[in-house]
Protein chains: 2
Amino acid sequence: MTPFERPPVGMNLGRTAKLVAQAFDAALVEAGGTLPVWLTLLSVKSSKQANQRELAGMIGIQGATLTHHLNAMETQGLLTRRRDPVNRRVHLVELTEAGEALFETLRQAALVFDKRLRAGLSDERLKEFADMLALLRANVGGM
Amino acid sequence: MTPFERPPVGMNLGRTAKLVAQAFDAALVEAGGTLPVWLTLLSVKSSKQANQRELAGMIGIQGATLTHHLNAMETQGLLTRRRDPVNRRVHLVELTEAGEALFETLRQAALVFDKRLRAGLSDERLKEFADMLALLRANVGGM
DNA sequence: ATCTAACAGTTAGATATCTAATTATAGCGG
DNA sequence: CCGCTATAATTAGATATCTAACTGTTAGAT
C-alpha cells in the first residue's frame, strides 16, 4: 500500500481516527446513544442558550446536518426547540429531562472510553500528541 | 465544550482527522479525483491482482462500500472487473490506461499534500506520532 | 454424486454528512 | 416606510458509509 518514500501521515491519522470513532460509537450504542447524539447533547449542555449555528460549529458539522439530528432527537423527546423571543430567526435548543438523563449516561460511557483510550500514555505524551495534532491542523489551514 | 477533567483525546483526534481529510479531499478534487477514488486506485495499484475483499480491507471500508466505488469507477472507464478463471467467485480488478493516468496525477497531488502536512515535523517527531497512533489503535482493540 | 457450509460479491435500505437553494426574520440607508 | 442585504434555519438532493439479506461459486463430508 505504499508507492511513497515514507508512509503518509494523513493516511495513518485517518485510519486511526476511524477505528477510534467506531469503537467509541460502539461504546455509546451500548449505553443507549450514538456518536452524533452524544456530540449534540454535549454541545447543548456546554453552552447556555446557544443557537444552532454555534452548536454546529462546536461539533464540527454543518448547520444542515445538525438540523437533521435535532429533528430526530426532538422526535425522541430528548430536546425542545423554540424561537428566541429576542431574535425570532434564532431557535433556542434545550434538553428535556430525558435528554439530561441520557447526557449523564453517555458522559459516564465517554469517561470510561477516554480512560481506556489513554491507557499507557503519560500526561506528558498526551500533551505532545495534542501539540502535534494542533500542528497538523495549522498546516492544513484549519484554525 | 468540556464537562471533563481533561479534554478527551478521541475528540481532538476525530476533529483533526476530519479537517485533514477535508483538506486532502479538496486537494484531490483540484487534481480531478476524490479521496475514495484515490484510495481505491492506490489499493489496486499496490496489490498485484487482489480481490475485492482484500482491497476493501486495505482501504479500511466494507466490501459493499467498495462495490459502490468500483461501479462508479468502472462506469467512468477507470478500471475493469473480470472473473478470476481460477476461482469464479473472485473478481479481479485492473486499471485501464485512464485509471493509470489518474493514479499518477493523484499520486503527485498526494505527495504535495503530505509534504504540506508534515511541515515543521522532524522525522523523529513523526515517528513518535506514528507510535502514539499505534498505541491508540491497540487500546481500542483495532489491530 | 450430492449436500452443506463457507466464501466473494452485489443489492437493499439505513444513517451521516455535505452543498446549494429556499424561507423567514432583522437591520439599515435613503 | 421601503427595499436591500445579511443572518438563522430548513429543505432538497448528492455522496459515503454501514449492516443485513441475497446470489452465485467452491470445497469438503459422507
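A note on names: the letters A, B, ... follow the listed sequences, proteins ahead of strands, and every chain is numbered from 1. What you see below is based on every heavy atom in this structure, not just the backbone, and it leaves out hydrogens, waters and symmetry mates.
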Residues in side chain to side chain donor-acceptor pair (under 3.5 Å) contact with A:Gln62, at least two apart in sequence or another chain: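 Applying side chain to side chain donor-acceptor pair (under 3.5 Å) to A:Gln62 gives none.
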Map B:Asn51 and A:Gly63 onto DNA chain C by nearest heavy atom, then report which one ends up closer to the 5' terminus.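 Nearer the 5' end of the strand: B:Asn51.
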If each of B:Arg81 and A:Ile61 is mapped to the nucleotide of DNA chain C with the nearest heavy atom, which maps nearer the 5' terminus, i.e. the 5' end?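 Whichever sits nearer the 5' end wins; that is B:Arg81.
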Just by distance, do the side chain of [X] and the backbone of [Y] share a donor-acceptor pair under 3.5 Å?
X        : Y       : value
A:Asp25  : A:Leu35 : yes
B:Ser43  : B:Ile59 : no
B:Asp114 : A:Val9  : yes

Regarding A:His69, tell me which of base, sugar-phosphate or nothing describes its non-hydrogen contacts under 4.0 Å with the strands shown.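 The residue A:His69 makes sugar-phosphate contact but no base contact.
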At under 4.0 Å between heavy atoms, what does B:Gln62 touch on the DNA or RNA strands: base, sugar-phosphate, or nothing?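 Since a base atom lies under 4.0 Å of B:Gln62, the category is base.
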A:Arg125 bridged to B:Glu128 by N-O distance under 4.0 Å: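 Salt bridge: no.
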Going by salt bridge (Lys or Arg N to Asp or Glu O under 4.0 Å), name the residues that satisfy it together with A:Asp131, two or more places apart in sequence or in a different chain.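 Partners of A:Asp131 under the salt bridge (Lys or Arg N to Asp or Glu O under 4.0 Å) test: A:Lys127.
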Partners meeting side-chain contact (heavy atoms from CB on, under 4.5 Å) with B:Ala23 (sequence neighbours left out):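 Per chain and number, B:Ala23 pairs via side-chain contact (heavy atoms from CB on, under 4.5 Å) with A:Val140, B:Phe113.
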So if I take residues 84-96 of chain A and measure heavy-atom distances to DNA chain D, which residues fall below 4.0 Å?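 Nucleic-acid contacts, sorted: A:Arg89, A:Val90, A:His91.
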Considering only heavy atoms of chain A and a distance under 4.0 Å, specify the first and last nucleotide of DNA chain C in 5' to 3' order that meet this criterion.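 Result: C:dA16 to C:dA26.
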Atom-pair distance (CG on A:Asn71; C1' on D:dA12), nearest Å: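 About 13 Å, once rounded to whole Å.
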Axis-to-axis angle between the two ends of the helix from C:dA1-D:dT30 to C:dG30-D:dC1 (five base pairs per end, rounded to 10 degrees):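 For the helix from C:dA1-D:dT30 to C:dG30-D:dC1, the axes at opposite ends meet at about 0°.
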Provide the closest heavy-atom pair for B:Ala17 versus A:Ala17 in the form atom of the first, atom of the second, distance.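 In terms of heavy atoms, the two residues are closest at CB-CB, 3.3 Å.
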